[in-house]
Protein chains: 2
Amino acid sequence: MIDDTLYIPLHVQLSKSLEEKIKAQEFIEKIPSERELMDMYSVSRTTVREAVTKLVNDGLLIKVHGKGTYVNKKPPIQEWLSSLNSFTETVRRMGMVPTSKLLTSKKLKADEHKIGVFKEEVLMIERLRYADEKPIAIERHYYPLSIGERLSKFNLDKETIYDLLENELGIVLDEAEQYITSKIIEEHLAPYLEIPSGSNVLLVERTIVDEKGNVVEYYIGQYRPDMYTFRIKTKRNINKK
Amino acid sequence: MIDDTLYIPLHVQLSKSLEEKIKAQEFIEKIPSERELMDMYSVSRTTVREAVTKLVNDGLLIKVHGKGTYVNKKPPIQEWLSSLNSFTETVRRMGMVPTSKLLTSKKLKADEHKIGVFKEEVLMIERLRYADEKPIAIERHYYPLSIGERLSKFNLDKETIYDLLENELGIVLDEAEQYITSKIIEEHLAPYLEIPSGSNVLLVERTIVDEKGNVVEYYIGQYRPDMYTFRIKTKRNINKK
DNA sequence: GTAAATTCCAGGTATAGACCAGTTTCTGAG
DNA sequence: CTCAGAAACTGGTCTATACCTGGAATTTAC
């Protein structure tokens, strides 16, 4: 079950194994106690706790002192909003496989979509996003042409856009301002997400700027609320003095 | 420096001590090695690592294998209950007048609803929130009785609860974890928000803990999505070199 | 019968010690 | 003098052990 001849740390192997069993519904509500896991996998309690702590931080498990460790039944995908993450990163961290399908990629006059942040032409990229082959969201990215033209040379089905921006185009994503609300899905998009038209979606609107304050991206995402939750952890006094 | 006669766990004390020193610029770039910290504080390496790991997760420190642990010079922006949480403040900033109507205030057994967030009885406060006399949200706050009984002596139609908690009751709100998603409104609440039953609402779920990790509040808010948007400003966390 | 005490099992904290894996620095052979 | 290689750092992994606190069931006392 766990192989210590591999180079992979035991707590990582254990963590993955637990994650698979959770997804496979082998643990429905409660997972075995830490001491039981010690025996089951023949590792020390420290290793068990390290593996479990990882899954707790990822939001998959919830520990209750004196009772046990439980499977979190909230929607499977939770986006961590205290740092700027992409769909790809988020889905992957939840132990699922993210994929994309490119729907549209075209130039637009900035005023067509009433996008105040851009003045001239923009490139609009529309993608359908999947997690484990289930459609989760429709995302629309808008870029100034200077960025968009370089971006459109890549395979946007495979690549994660933010990696491309940062690593291939050398653009630094610095700050983002996001709005989250909910609305009725745009009629023609309902079939893509495999939900009835008239359903509600989570709407995310985002503007990203670089270090100099230039708008790098404007983004609109529509997410299935039964599959996606935004998660925010805040702590006081970190930057306050 | 560290007192093990207190009830506070050593790794928490150490973590706080390090956090203070980081903020006080006592560690400018690199913090002492784990083995040095062991000697400085007379604790085991496990304890040191636990304390450091916490600060790494919070984004204050960055570990580099073989080199050392460094102070993150771009700590993530973490908005507290400013734009994101305080209904009162948010509405006021939009130039509207926030008001409240107390719907319910009663004691409940804790066990029906939640897994282990509360152990004993709780006080539940249910309020209808208005902006310029239009109903916007229904909020439910749950408090342990020790807090709830003191809280219920105040006029909850007028006061903002978080001000009361901090300024009147002297309770320190330290960390909050929140989930934002969307769902169908609870049938009986639809008339309060003046929307058709079956409408979608923005759902916010939140747990706030104090410095020792005790749960101070559990909260559920249901917002009219046509009237309310959550705004979050984030900075990309750079975990590289 | 019911309430208090006991016991067991859960996670929480903490120690000491061993060894592994990158990185830098020192050192000695050529 | 150069530079390979050892030594001496760093964090990373892992074991074994001990005792604490919280929750719940069971036993015991009244």
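Side chains included, hydrogens not; waters and symmetry mates left out as well; all remaining heavy atoms used.
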Give the rounded distance in Å between these two atoms: [atom1] of [X] and [atom2] of [N].
X     : N      : atom1 : atom2 : result
A:K63 : C:dT13 : NZ    : P     : 8 Å
A:K30 : D:dG23 : NZ    : C1'   : 10 Å
B:Q13 : C:dT13 : CD    : P     : 12 Å
A:L14 : D:dT13 : CG    : C1'   : 13 Å
A:L37 : D:dC14 : CG    : C1'   : 16 Å
B:L61 : D:dG11 : CG    : P     : 11 Å
B:L10 : D:dC19 : CG    : P     : 17 Å
B:R35 : C:dT15 : CZ    : P     : 16 Å

Answer with yes or no whether the side chains of [Y] and [X] bring together a donor and an acceptor at under 3.5 Å.
X      : Y      : result
A:E139 : A:Y219 : yes
B:S17  : B:Y41  : yes
A:S182 : A:N200 : yes

If you find the nucleotide of DNA chain C closest to A:P32 and the one closest to B:H11, which residue's nucleotide is nearer the 5' end? A:P32

Phosphate oxygens OP1/OP2 of [N]: is one of them under 4.0 Å from a side-chain N or O of [X]?
X     : N      : answer
A:T46 : D:dA16 : no
A:T69 : C:dG11 : yes
B:R49 : D:dG12 : yes

Ring centre gap for B:Y223 and B:F230 strictly below 6.0 Å: yes

Aromatic centroids of B:Y143 and B:Y218 separated by under 6.0 Å: no

Could you check which of [options] has an atom nearest any side-chain atom of [X]?
X     : options                : result
A:E34 : C:dG12, C:dA14, D:dT15 : C:dG12
B:P9  : D:dG12, D:dC14, C:dA14 : C:dA14
B:T47 : C:dT15, D:dC14, D:dC19 : C:dT15

Treating A:N72 as the side-chain partner and A:G59 as the backbone partner, does any N or O pair qualify as donor plus acceptor under 3.5 Å? yes

Mind checking if B:S33 touches a base, just sugar-phosphate, or nothing, with heavy atoms under 4.0 Å? sugar-phosphate

So if I take residues 50-57 of chain A and measure heavy-atom distances to DNA chain C, which residues fall below 4.0 Å?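 Output list: empty, so none.
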
For nucleotides 21-27 of chain C, just jot down a letter per nucleotide in 5' to 3' order: B, S or -, based on protein non-hydrogen atoms under 4.0 Å. BBSS---

Go through the steps for A:K134 and A:M227 under the test side chain to side chain contact (heavy atoms under 4.5 Å, CB included), then give the verdict. CA-CA 9 Å; A:K134 270 182 284 195; A:M227 302 292 291; 4.2 Å; yes

Value for CG (B:L193) from CD (B:Q222), rounded to nearest 0.5 Å, stands at 7.5 Å

Answer with yes or no whether B:R45 presents, from its side chain, a donor or acceptor under 3.5 Å of a partner atom in the base of C:dG17.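 No such pair is found, so the answer is no.
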
Comparing A:S42 and B:E36 on DNA chain D - which has the more 5′ nearest nucleotide: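 It is B:E36 whose nearest nucleotide is closer to the 5' end.
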
Minimum-distance pair of heavy atoms, taken over all atoms of B:I28 and B:K73: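 Shortest heavy-atom contact: O-CE, 4.1 Å.
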
Taking every non-hydrogen atom, the tightest pair across A:V201 and A:P225: CA-CD, 4.0 Å

